[in-house]
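In what follows, a structure is listed as structure tokens, so that the remarks can point back to it.
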Amino acid sequence: MRYRPFGLAGQAVSCLTLSLGARDIAGGAEAGRELVYSALEAGINSYRLETADPVLAEVLGEALRHVDRKLVQVSLTLGAGDGRRGSQRDFSAQGITASIDRALHTSGLGWFDLAILDEPGDHELPQSTLNALKALRATERVRLLGISGDSGVMDTYVSTGAFDVLATPFHVNASWQVRARLRAASEGDMAIFVYGYFPDSLNIAKRPAVAPAPKKGLFGFGGGPKATEAPQTLTGHFAFLHRTNNWSAEAICLAYALMDPSVSSVMIEASDVERLNTLSLVPDRDMPPGLAAQIEMARVAGAKAA
């Protein structure tokens, strides 16, 4: 694992952040803890709670109980609900304060290194909420504040200088708007976390099924209902991602995101320990010579064709 500076205090953060959600505790609390234990063994010291679910916070807190708290970085996503049935987006001062206090109580973590607001709209953050966030920082229940999302309003939030961290999707085919946002955040001394490094458009397993040409019947008419099948190859400018020896397309996309020097950490999701261990090996691998240039040429060619 490799580490990068994070925050003005110079804390070292692993270049991979394990993002934890309801899927990771669907098999029980023990399964969630085992995933965190494996992440620790792989050298990952950065964790993100996707919601303020107190059960999820408790699982992470128990897994980190015997680790020096100052050596791990824990982020909490706010505004996305608390993971419980019927919970809704809530950016009110009361809602955010209650979410943080409840997660701290159940996790026993003492504080959250980063509170990330989940893509609030341009009218979703009242002054009372901003005041509450300042109070949370003053009492050190939260150390840093971040903003997450990919809509145009993110540019406005970045320009305010009110946030310490930007979390945004970034991948091999990211638009110029996203790249400009990363540059603006970096110039504003914001730390940058990225996610969505392997979008569905590049993932064969998640591409929509297609209908093959129907077979002809005895007299040339249709021979029954159309069947569907998932495509086994990716065509287009980025098809080479699936034809690189000893590299999966996802590993290439993850390595590409890690190449950007402004990126502090890439958020990953791992449904099981095997997948986690596979992804954790990527930071120590060097992409094949010329592959980064090939990605850039494909990106430019794709932009011209759009």
Side-chain angles (χ1 to χ4, degrees), residues 6-7 9 11-14 16-118 129 132-133 135-146 148 164-165 167 191 193 195 265 267-271 273 276:
F6 171 74
Q11 181 181 7
V13 63
S14 54
L16 297 184
T17 292
L18 180 59
S19 188
L20 298 167
R23 65 185 172 278
D24 300 310
I25 55 175
E30 184 59 30
R33 287 192 292 270
E34 287 297 326
L35 190 63
V36 177
Y37 295 150
S38 297
L40 289 170
E41 292 176 358
I44 294 175
N45 74 340
S46 179
Y47 300 87
R48 174 206 181 196
L49 295 173
E50 295 176 1
T51 67
D53 181 355
V55 176
L56 190 64
E58 182 179 11
V59 168
L60 178 60
E62 289 178 351
L64 298 178
R65 182 166 298 169
H66 300 293
V67 179
D68 186 339
R69 178 65 183 85
K70 296 179 181 179
L71 298 180
V72 292
Q73 199 267 3
V74 181
S75 306
L76 174 65
T77 306
L78 297 172
D82 60 9
R84 295 181 293 186
R85 182 177 300 176
S87 66
Q88 299 178 342
R89 289 173 61 81
D90 182 6
F91 289 102
S92 68
Q94 298 86 349
I96 284 180
T97 301
S99 293
I100 290 176
D101 287 344
R102 185 164 51 244
L104 284 177
H105 176 72
T106 58
S107 67
L109 288 169
W111 72 86
F112 287 112
D113 299 273
L114 173 62
I116 304 176
L117 301 179
D118 181 47
T129 296
L133 291 171
L136 290 166
R137 292 189 67 170
T139 56
E140 296 191 346
R141 283 175 284 179
V142 170
R143 299 289 175 85
L144 300 173
L145 299 178
S148 173
D164 307 292
V165 178
F193 281 38
Y195 56 92
S265 190
M267 297 178 178
I268 63 171
E269 298 176 6
S271 54
V273 172
L276 173 66

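Only a predicted model underlies this, so the values are computations on that prediction, with no experimental measurement involved. The basis for the numbers below is simple: all heavy atoms, side chains too, and nothing from hydrogens, waters or symmetry mates.
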For the residue pair [X] and [Y], establish whether any side-chain heavy-atom pair is separated by less than 4.5 Å.
{"X": "Leu78", "Y": "Ile116", "result": "no"}
{"X": "Leu64", "Y": "Tyr47", "result": "yes"}
{"X": "Leu49", "Y": "Thr77", "result": "no"}
{"X": "Leu133", "Y": "Leu117", "result": "yes"}
{"X": "Met267", "Y": "Leu16", "result": "no"}
{"X": "Leu18", "Y": "Leu276", "result": "yes"}
{"X": "Ile268", "Y": "Thr17", "result": "no"}
{"X": "Ile96", "Y": "Leu136", "result": "yes"}

Drop me the distance from [X]'s [atom1] to [Y]'s [atom2], to the nearest 0.5 angstrom.
{"X": "Ser271", "Y": "Leu35", "atom1": "OG", "atom2": "CG", "result": "8.5 Å"}
{"X": "Phe112", "Y": "Gln73", "atom1": "CZ", "atom2": "CD", "result": "11.0 Å"}
{"X": "Ser107", "Y": "Leu56", "atom1": "OG", "atom2": "CG", "result": "10.5 Å"}
{"X": "Tyr37", "Y": "His66", "atom1": "OH", "atom2": "NE2", "result": "7.0 Å"}

Ignoring hydrogens, what is the shortest heavy-atom contact between [X] and [Y]? Give both atom names and the distance.
{"X": "Leu109", "Y": "Gly61", "value": "CD2-CA, 4.1 Å"}
{"X": "Gly32", "Y": "Ile25", "value": "CA-CG2, 4.4 Å"}
{"X": "Asn45", "Y": "Ser14", "value": "OD1-N, 2.7 Å"}
{"X": "Glu50", "Y": "Ser19", "value": "OE2-OG, 2.7 Å"}

Please determine whether a side-chain nitrogen of the Lys or Arg among Glu269 and Arg48 lies less than 4.0 Å from a carboxylate oxygen of the Asp or Glu.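 No, no charged N to carboxylate O under 4.0 Å.
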Step by step, would you call Leu114 with Leu76 a side-chain contact (heavy atoms from CB on, under 4.5 Å)? CA-CA 6 Å; Leu114 173 62; Leu76 174 65; over 6 Å; no
So does [Y] get a backbone contact from the side chain of [X], meaning a donor-acceptor N/O pair under 3.5 Å?
{"X": "Arg69", "Y": "Val72", "result": "yes"}
{"X": "Asp164", "Y": "Leu145", "result": "yes"}
{"X": "Asp113", "Y": "Ser75", "result": "no"}
{"X": "Asp101", "Y": "Ala98", "result": "no"}

Could you note down all residue pairs passing salt bridge (charged side-chain N to carboxylate O under 4.0 Å, His left out) where residues 55-65 supplies at least one of them, sequence neighbours left out?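 Passing the test, one end in residues 55-65: Arg33-Glu62.
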Ignoring hydrogens and geometry beyond distance, is a side-chain donor-acceptor pair present between Thr51 and Asp53 at under 3.5 Å?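 There is no such pair between these side chains.
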Could I get the full list of ring pair (Phe, Tyr, Trp, His ring centres under 6.0 Å) partners for Phe193, not counting sequence neighbours?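 If we apply the ring pair (Phe, Tyr, Trp, His ring centres under 6.0 Å) test to Phe193, skipping adjacent residues, the hits are Phe6.
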